[in-house]
There are 2 protein chains.
Amino acid sequence: MDALGDPTRRAIFELLTREEHAVGELATQFPISRPAVSQHLRVLVDAGLLTVRRDGARRLYAADPAGIALLKASVERFWRDALVAFKDVAEHPPAQQSPAEQPPEEEA
Amino acid sequence: MDALGDPTRRAIFELLTREEHAVGELATQFPISRPAVSQHLRVLVDAGLLTVRRDGARRLYAADPAGIALLKASVERFWRDALVAFKDVAEHPPAQQSPAEQPPEEEA
DNA sequence: ACTTACCGTAAGTGAAGACTCACCAAGCAG
DNA sequence: CTGCTTGGTGAGTCTTCACTTACGGTAAGT
């Protein structure tokens, strides 16, 4: 989850969830150099969020379903553990219909 | 969402979702100084995740339901936008992988 | 009023990391 | 083989940020 902390890395990852891309392709779509893209990819691969496939001299990167599943699990664990007291509130956003906002009581 | 990037800040936030705390109380429960806690709280308040309440000379901080709802909305938006192609996979955990599970480790 | 407790802010330090350029390895075409 | 393309790695720079100490400002107790 720390791997998605960087905005550029999130954008790269998002692109790769749609279709696989080579490093050079990614580098042209971002205002950073190719080595920088490579380093971001390395982080994402180490985090288990990407898979690499070799196509001649090129490397095709794509999102890894397994890593994504783990990511979702960890996000939901955080949601369950950290936000127990706000589960109801988080379920129906107050900006939407029927804002039954009821701040839970906390005792000192 | 960037406000929860720091582990210490996540821990502080998690504590405040359970019950409100004064700055000094928080400082005793973490291996950092009181000003450091104050700075973390500032970030969380600026992010709209915390509310402040004055009690004499003390400041009681607590999680903000509205901010939490927005956070959850943004997380779910990311999930929907970025991971469309993996919705099914993310729904059920990766017990085992497809036959395409073969580590291409031919690098020298 | 003085004293003590609680807290925010300013200034400075140190580590983490995102980025660049330069170099080198691997694959394909001639 | 040479030449071109693709891409990973190392070294170095620079920015960001979490942290500290020092200080100022407000509230409650005496």
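Scope of the values below: all heavy atoms of this structure, side chains included, with no hydrogens, waters or symmetry mates. Letters A, B, ... are given to chains in the order of the sequence lines, protein chains preceding strands, and every chain is numbered from 1.
- By the 4.0 Å N-to-carboxylate-O rule, A:E76 lies close enough to A:K72 to be salt-bridged with it.
- Looking at A:E25, its side chain has no donor and acceptor atom pair within 3.5 Å of the base of D:dT6.
- Projected onto DNA chain C by closest heavy-atom contact, B:A22 and A:D55 fall at different nucleotides, the more 5' of which corresponds to B:A22.
- Look at A:S33 and you won't find any side-chain N or O under 4.0 angstrom from OP1 or OP2 of C:dA22.
- Between the CD1 atom of B:I32 and the P atom of D:dT20 there is a distance of 6 Å, rounded to whole Å.
- Considering only the side chain of A:R58, D:dG7 comes nearest among D:dC19, D:dA22, D:dG7.
- For A:A57, counting side-chain heavy atoms from C-beta on, the closest listed nucleotide (D:dT20, C:dT20, D:dT6) is D:dT6.
- When the C1' atom of D:dG10 is taken as reference, atom CD of A:Q39 falls 10 Å away, rounded to whole Å.
- Taking only side-chain atoms of A:R59, from C-beta outward, the nucleotide of D:dG7, D:dA18, C:dG27 with the closest atom is D:dG7.
- Counting non-hydrogen atoms under 4.0 angstrom, A:R42 reaches the backbone sugars and phosphates but no base.
- Neither OP1 nor OP2 of D:dT20 sits under 4.0 Å from any side-chain N or O of B:R34.
- Put simply, A:H40 has no side-chain N or O that comes within less than 4.0 Å of OP1 or OP2 on C:dG17.
- In summary, A:E20 and A:R59 do not engage in a salt bridge, as defined by a charged side-chain N under 4.0 Å from a carboxylate O.
- Of the residues near DNA chain C, A:G56 and B:S38, the one whose nearest nucleotide (by heavy atom distance) lies more toward the 5' end is B:S38.
- For the pair B:Y61 and C:dC6, the criterion of a side-chain N or O lying under 4.0 Å from OP1 or OP2 is not met.
- Note on A:D6 versus A:R10: no salt bridge recorded, every NZ/NE/NH1/NH2 to OD/OE distance being 4.0 Å or above.
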